S.K.: 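Please see the structure below; I have some questions.
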Amino acid sequence: MSEQRIVRPKPISGFPEWLPETRSVEQRWLDHIRAGFERYGFASVETPSVENLDVLLAKGETSQEVYTLHRLQADRGDDTDSRLGLRFDLTVPIARYVAQHFNELVFPFKRYQIQRVWRGERPQEGRYREFTQCDIDVINVDHVPLHFDAELPRIAHEVLSGLDIPAWTISINNRKVLQGCYEGLGIDDPLAVIRAVDKLHKIGESGVSEILTEEIGLAEEQAKVCLELARIRGADSSIVDEVRRLGVHSDLLSQGLDELAFVLDSLSDLPSGSVVADLSIARGLDYYTGTVYEAGFDDDPGYGSICAGGRYEDLAGQFIRRNLPGVGISIGLTRIFAKLVAEGRIEGGRSCPTEVMVAVPAAERREESLRTAATLRERGFNTEVFHQASRIGKQIQYASRKGIPFVWFPPFEDGGPHEVKDMATGEQGQADPTTWSRPV
RNA sequence: GUGGGUGUAGCUCAGUCGGCAGAGCACUUGGUUGUGGUCCAAGAAGUCGGGGGUUCAAGUCCCCUCACUCACCCCA
């Protein structure tokens with residue numbers, strides 16, 4: 001060891017990283033998700049990690065969460081990069097992207113985007129400062145057909161169903177129902193009520209009730225109806241009748257109920273209980289205007305949403321003088337995956353993709369090993385050659401620890417046979433690199 | 001940003017009343033010729049988060065600071 005001081009390696013809070021065997025599982029997940037999105041004809045898009053701050057902040061409010069960029073050695077007064085920030089979601093960048101490439105895109109534009117985003121928050125369980133979102137959105141000019149509101153949760157359902165994760169439920173609501181109901185009740189600030197009701201799962205009915213009456217200033221009767229609405233939950237469009245029974249009337253409410261019923265009916269073929277209407281979910285973000293989605297783990301509702309999204313009107317209005325509404329949903333890959341990692345439920349991952357490790361019997365026989373490996377690679381096997389002519393026990397131990405399933409022994413002397421060892425069974429026998437195949 | 005908890009070997013953690021820095025796991029080497037996991041033996045590994053203070057003496061007591069962590073806020 002040198003005398004030089006080392007920088008102690010420490011984890012950076014909120015920036016998860018995995019060992020190879022865990023990462024290999026994550027890669028399988030990513031492949032699975034991508035394939036699911038492509039099965040519905042969505043095209044892949046990537047956008048830069050950074051955006052101009054005025055793009056990121058076009059919707060305001062989240063400014064404190066945005067990481068900004070500057071060069072460590074920037075000259076005093078050089079603010080070239082100071083207007084750049086790391087994106088905190090994939091919706092804002094895609095809005096900018098669509099506006100920018102408006103003339104070159106075919107609408108309705110259906111894209112998926114699987115990339116990292118950054119948020120300057122206090123990290124804790126399930127909350128990270130760098131994480132991967134898997135987004136799919138449909139963006140169109142002037143109008144997005146309602147059946148996309150049903151297709152997106154269907155895709156999310158299909159993708160999530162293919163992952164080995166704890167039981168979850170996708171909840172669906174429609175902001176027009178909430179807003180229309182609140183307006184029908186004569187409430188001045190529906191958005192404030194939506195934010196309060198959104199906390200229902202966390203602080204309970206009494207907590208929400210307190211906010212509604214004391215902070216927002218609703219009458220007891222108004223607050224009571226708001227809570228009754230939020231209590232409604234069901235797997236099919238019969239919940240519409242329950243809402244109507246509250247006796248509140250407004251055009252917006254009727255429209256919202258029609259939309260919600262349509263979406264639920266469209267999804268009625270999915271396994272019962274996997275997608276439900278839940279009139280308490282609202283999504284805090286202001287830009288959702290119609291359908292909203294939120295999925296969570298059934299046995300850990302406090303963990304936070306693992307998949308969320310909704311419909312927004314005119315998302316790109318800040319960037320282009322065209323009306324571009326959209327509907328999207330995002331799977332919180334990191335949040336889901338990290339929970340399983342923390343619980344030790346990610347197993348079976350390989351620490352390397354190697355299928356065959358070719359041993360080196362002696363330094364002067366290395367050429368033979370290299371030739372053997374080349375033959376195996378040409379035949380489609382992921383193959384590596386051991387890095388030195390150590391004793392055979394060492395070489396096998398290396399393969400064992402890395403989870404490599406087969407160790408190949410080229411001839412120990414000229415004219416001798418090739419042998420291959422199955423690490424799982426310990427069996428070893430003669431083999432020919434030009435014809436060998438993995439036993440099933 | 002606000003409040004609580006925790007910082008000792010790569011990891012998980014002991015460390016009594018202030019008196020020589022410890023364990024398990026992991027790691028390296030060995031247990032003789034060409035074969036892994038188990039077992040046995042030996043070895044290496046620590047600015048005790050950092051700085052200051054009290055003391056003959058501080059991992060231990062006091063102050064400051066940083067990091068991590070939990071909750072709030074907010075969200076995937």
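None of these values were measured; they are calculated from a predicted model. In what follows, every chain begins at residue 1, and chains take the letters A, B, ... in the order their sequences are listed. Computed from heavy atoms alone, side chains included, the values below leave out hydrogens, waters and symmetry copies.
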S.K.: Both distances under 3.5 Å, Watson-Crick or G-U wobble: report the partner of B/A57, or none.
M.R.: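 Base-paired to nothing in any strand shown.
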S.K.: At under 4.0 Å, does any side-chain N or O of A/Arg391 touch on OP1 or OP2 of B/U29?
M.R.: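 No, outside the criterion.
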S.K.: For B/C11, which nucleotide is its Watson-Crick or G-U wobble mate, given both distances must be under 3.5 Å?
M.R.: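 Answer to the pairing question: B/G24, which forms a Watson-Crick or G-U pair with B/C11.
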S.K.: Please report the shortest heavy-atom distance between A/Leu200 and A/Ser280, naming the atom on each side.
M.R.: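 Closest approach of A/Leu200 to A/Ser280, heavy atoms only: CD2-CB, 3.6 Å.
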S.K.: Could you check which nucleotide pairs with B/C17 in any of the strands shown, counting Watson-Crick or G-U wobble with both distances under 3.5 Å?
M.R.: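 Matched B/C17 with nothing under the 3.5 Å cut-off.
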S.K.: Could you tell me which nucleotide pairs with B/A41 by Watson-Crick or G-U wobble geometry, both distances under 3.5 Å, or answer none if nothing does?
M.R.: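 B/U29 is the nucleotide pairing with B/A41.
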S.K.: Out of B/U28, B/A71, B/C74, which nucleotide sits closest to the side chain of A/Gln124?
M.R.: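 My answer, after comparing the listed nucleotides, is B/A71.
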S.K.: Salt bridge or not between A/Arg311 and A/Glu313? Use side-chain N to carboxylate O under 4.0 Å.
M.R.: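 Yes.
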S.K.: Does the pair A/Arg87/A/Glu51 count as a salt bridge with the N-to-O cut at 4.0 Å?
M.R.: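 The answer is no: the pair does not qualify as a salt bridge.
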S.K.: Assign each of A/Ile396 and A/Tyr303 to its nearest nucleotide of RNA chain B by heavy atoms, then name whichever residue's nucleotide is nearer the 5' end.
M.R.: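 This one resolves to A/Ile396.
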S.K.: Hunt down the Watson-Crick or G-U wobble partner of B/C68, both distances under 3.5 Å, from any strand shown, or write none.
M.R.: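 Across all strands, the one nucleotide that pairs with B/C68 is B/G5.
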S.K.: Map A/Thr334 and A/Glu419 onto RNA chain B by nearest heavy atom, then report which one ends up closer to the 5' terminus.
M.R.: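 Here A/Glu419 is the residue nearer the 5' end.
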S.K.: Can you tell me, in whole Å, how much space there is between the C1' of B/G46 and that of B/G10?
M.R.: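 Taking atom C1' in both B/G46 and B/G10, they lie 11 Å apart.
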S.K.: Quick one: do A/Asp189 and A/Arg195 make a salt bridge, cutoff under 4.0 Å?
M.R.: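 No, A/Asp189 and A/Arg195 are not salt-bridged.
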S.K.: Go through B/G34, B/U28, B/C70 for me and flag the one nearest to the A/Arg401 side chain.
M.R.: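 For A/Arg401, the side-chain atoms sit closest to B/U28.
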S.K.: Measuring from the side chain of A/Pro123 (C-beta onward, heavy atoms only), which nucleotide among B/C27, B/U69, B/G36 has the closest atom?
M.R.: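 Closest nucleotide among those given: B/U69.
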S.K.: Compare the ring of A/Tyr398 with the six-membered ring in the base of B/G36 and state whether they stack (centres under 5.5 Å, planes under 30°).
M.R.: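 Stacking between A/Tyr398 and B/G36: absent.
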S.K.: Ignoring hydrogens and angles, answer whether the base of B/U35 and the side-chain atoms of A/Gln428 contain a donor-acceptor pair closer than 3.5 Å.
M.R.: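 When only heavy-atom distances are counted, A/Gln428 does reach the base of B/U35 through a donor-acceptor pair under 3.5 Å.
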S.K.: Could you please name the partner base of B/G36, counting Watson-Crick and G-U wobble pairs only when both distances are under 3.5 Å?
M.R.: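 Here B/G36 is not engaged in any pair, so there is no nucleotide opposite it.
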S.K.: Side chain of A/Arg122 only, heavy atoms from C-beta on: which candidate in B/C68, B/C72, B/G34 is closest?
M.R.: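 Among the listed nucleotides, the one closest to the side chain of A/Arg122 is B/C72.
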S.K.: Looking only at side-chain N and O atoms, does A/Lys394 come under 4.0 Å of OP1 or OP2 in B/G34?
M.R.: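 Checking A/Lys394 against B/G34: no side-chain N or O falls below 4.0 Å of OP1 or OP2.
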S.K.: Reckon A/Gln395 has a side-chain N or O less than 4.0 Å from the OP1 or OP2 of B/G36?
M.R.: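 No.
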S.K.: Is the shortest distance from a Lys or Arg side-chain nitrogen in A/Arg371 or A/Glu368 to a carboxylate oxygen in the other one below 4.0 Å?
M.R.: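 Judged by the 4.0 Å cut-off on N to carboxylate O distance, A/Arg371 and A/Glu368 do form a salt bridge.
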